[in-house]
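See below for the structure under consideration.
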2 protein chains.
Amino acid sequence: MENKREIFHVLTRRFGLLNKNCCSVGGFDISTVQSHILYEIDKQNTPSMQQIAETLAMDITTFSRQIQTLVKMELVKKTPSSQDKRVSLLSLTTQGKFVATSIDHSMNAYLDEVFSHLNEFERETVIRSLQLLNGAMSKSSVCCTPLY
Amino acid sequence: MENKREIFHVLTRRFGLLNKNCCSVGGFDISTVQSHILYEIDKQNTPSMQQIAETLAMDITTFSRQIQTLVKMELVKKTPSSQDKRVSLLSLTTQGKFVATSIDHSMNAYLDEVFSHLNEFERETVIRSLQLLNGAMSKSSVCCTPLY
DNA sequence: AACAATACTTGCATTTTGCAAGTAAATAAA
DNA sequence: TTTATTTACTTGCAAAATGCAAGTATTGTT
């Protein structure tokens with residue numbers, strides 16, 4: 001079957017579910033968006049608000065409020081940059097780091113379970129293919145502009 | 001050893017963008033969720049509300065309201081079942097069918113563009129891998145049901 | 001006939017979202 | 001140096017999305 005849209009439709013829904021189901025850690029209820037924010041802060045080195053918002057393609061105002069929530073939950077710390085006083089640098093608190101790591105573990109556990117339904121060869125092929133796909137998407141010129 | 005979570009994190013984000021950018025068709029502004037609803041109604045044969053809500057793993061009350069919106073937009077028609085008067089059968093209006101088809105075309109165009117960055121062999125491998133992955137997810141006990 | 005189960009719908013109350021509009025700081029121009 | 005512009009956010013709405021509780025109507029079951 002060559003209908004790509006069908007494949008992506010199902011995949012998208014499943015990814016959504018996967019991300020939804022992963023994120024209850026030790027009393028904290030983390031939304032999908034919030035888990036993505038934590039992930040990116042963890043990955044990047046004391047990034048600014050702009051950087052993360054742009055990476056996640058989020059509206060900066062929505063992002064600002066999400067960060068406020070995460071700061072209230074004591075998962076994220078906002079430090080004013082000494083270089084540029086307009087900029088807020090983001091980092092995870094100890095708790096935030098713990099939550100991010102926990103989510104990472106459960107996600108990888110989920111994914112391992114999923115991949116356990118494939119044999120070793122298929123597993124490697126799929127992983128390599130997803131990397132290829134990621135690469136292709138990053139090269140795409142129409143990625144973030146509306147198509148008609 | 002590749003980090004699956006990283007791969008999925010990026011893929012999820014990109015898929016989200018893809019779905020977000022797809023959905024402005026001839027004056028209609030369709031949200032991602034709505035496009036998924038249209039897609040499923042189109043695919044299934046006069047399904048009930050429950051069926052689609054369950055397929056998309058949506059809360060039935062949220063779904064009910066989304067359908068009300070789509071009915072107001074004259075994209076979806078709700079017909080009471082003659083078999084069971086509690087049931088509403090869903091179908092696309094002519095306009096709805098047009099919108100669904102347009103979105104389908106845009107999505108496929110986008111995906112073709114993405115895949116154009118791969119060679120023929122990679123393309124086939126990736127498609128086949130995504131199908132494998134879908135299959136594995138459908139077998140998974142930890143997520144992704146009841147999609148099929 | 002009485003009760004439970006199903007298929008929705010409506011009432012909140014909360015959360016999420018994004019466009020305007022605002023503040024403060026850095027940079028460019030006059 | 002002063003003024004204007006840009007940048008990095010924050011707040012004020014208002015609209016949309018979400019989900020639990022509680023409702024209505026219909027069907028299925030003792």
Side-chain angles (χ1 to χ4, degrees), chain A residues 12-13 16-17 19-21 23-24 28-38 40-41 44 46-73 75-91 144-146, chain B residues 12-13 16-17 19-21 23-24 28-38 40-41 44 46-73 75-91 146:
Chain A
T12 303
R13 297 300 311 180
L17 286 182
N19 277 283
K20 219 181 217 166
N21 291 339
C23 302
S24 235
F28 293 102
D29 235 353
I30 311 291
S31 74
T32 303
V33 173
Q34 286 167 353
S35 86
H36 280 235
I37 295 174
L38 293 179
E40 281 300 331
I41 295 177
Q44 296 184 34
T46 54
S48 69
M49 306 260 301
Q50 290 286 346
Q51 271 172 55
I52 302 290
E54 202 183 321
T55 305
L56 296 176
M58 284 180 70
D59 184 275
I60 186 67
T61 72
T62 302
F63 183 77
S64 174
R65 274 181 266 251
Q66 287 285 5
I67 290 295
Q68 285 171 35
T69 305
L70 290 168
V71 168
K72 268 187 208 132
M73 293 165 88
L75 299 177
V76 168
K77 206 176 67 173
K78 249 166 66 178
T79 315
S81 163
S82 54
Q83 316 274 332
D84 185 334
K85 286 174 190 168
R86 295 168 304 177
V87 173
S88 286
L89 300 176
L90 300 173
S91 55
C144 302
T145 49
Chain B
T12 303
R13 262 178 30 220
L17 283 182
N19 276 284
K20 219 182 217 164
N21 290 339
C23 303
S24 237
F28 293 102
D29 236 353
I30 311 291
S31 74
T32 302
V33 172
Q34 287 167 352
S35 86
H36 281 237
I37 294 174
L38 293 180
E40 282 299 332
I41 295 176
Q44 296 184 32
T46 54
S48 69
M49 307 259 301
Q50 290 285 347
Q51 272 173 54
I52 302 290
E54 202 184 320
T55 304
L56 296 176
M58 284 181 69
D59 184 276
I60 186 67
T61 71
T62 302
F63 184 77
S64 174
R65 274 181 264 253
Q66 287 286 5
I67 290 294
Q68 284 170 36
T69 306
L70 290 169
V71 167
K72 267 188 209 132
M73 294 165 89
L75 299 177
V76 167
K77 206 176 68 171
K78 249 167 66 178
T79 315
S81 163
S82 54
Q83 316 272 335
D84 186 335
K85 287 173 188 169
R86 295 167 303 178
V87 173
S88 287
L89 300 175
L90 300 173
S91 55

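A, B, ... follow the sequence lines: proteins, then strands. Residue 1 opens every chain.
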Distance, rounded to the nearest Å, where B:His36 contributes NE2 and D:dA17 contributes P: 14 Å

Under 4.0 angstrom between B:Thr62 side-chain N/O and D:dA17 OP1 or OP2: no

Any A:Gln68 side-chain N or O less than 4.0 Å from OP1/OP2 of D:dT11: yes

side-chain N/O A:Ser48 vs D:dC9 OP1/OP2, d < 4.0 Å: yes

Whole-Å distance separating the CZ atom of B:Phe63 from the C1' atom of D:dC20: 19 Å

Phosphate OP1/OP2 of D:dT10: any A:Lys78 side-chain N/O under 4.0 Å: yes

Check: A:Thr61 side chain, C:dC19 base, donor-acceptor under 3.5 Å: yes

Whole angstrom value for the distance that separates C1' of C:dT10 from CD1 of B:Ile67: 16 Å

From D:dT18, C:dT16, D:dT27, nucleotide with atom closest to B:Lys85 side chain: D:dT27

Length of the line joining B:Gln34:CD and C:dT17:P, which is rounded to integer Å: 16 Å

Per A:Met49 side chain, nearest of listed nucleotides D:dT27, C:dT17, D:dC9: D:dC9

Side-chain donor/acceptor of B:Arg86 to base of D:dG28, under 3.5 Å: no

Residue A:Arg65, side-chain atoms from C-beta onward, closest of C:dT10, C:dG18, C:dT16: C:dG18

A:Glu40/B:Arg13 salt bridge by N-O under 4.0 Å criterion: yes

Rounded distance (nearest 0.5 Å) linking atom CD of A:Gln51 with atom OG1 of A:Thr46: 8.0 Å

Heavy-atom closest contact (B:Ile52 atom, B:Ile41 atom, distance): CD1-N, 3.9 Å

Phosphate contact (D:dA17 OP1 or OP2) by B:Gln66 side-chain N/O below 4.0 Å: yes

Value in whole Å for how far the P atom of D:dG12 lies from CG of A:Asp59: 17 Å

Verdict with reasoning, A:Gln66 to A:Ser31, per side chain to side chain donor-acceptor pair (under 3.5 Å): CA-CA 10 Å; A:Gln66 287 285 5; A:Ser31 74; 4.9 Å; no

Partner of B:Phe63 by side-chain contact (heavy atoms from CB on, under 4.5 Å), out of B:Met58, B:Glu54, B:Gln68, B:Gln50: B:Met58

Closest to the B:Asp84 side chain, choosing from D:dT10, D:dT27, C:dT17: D:dT27

Touch class at under 4.0 angstrom, heavy-atom based, for A:Thr69 against every strand present: nothing

Residue-phosphate contact under 4.0 Å: A:Ser64 side-chain N/O, D:dT10 OP1/OP2: yes

Length of the CD-C1' vector between A:Gln83 and D:dA8, whole Å: 15 Å

A:Ser82 vs B:Ile60, nearer the 5' end of DNA chain C by closest nucleotide: B:Ile60

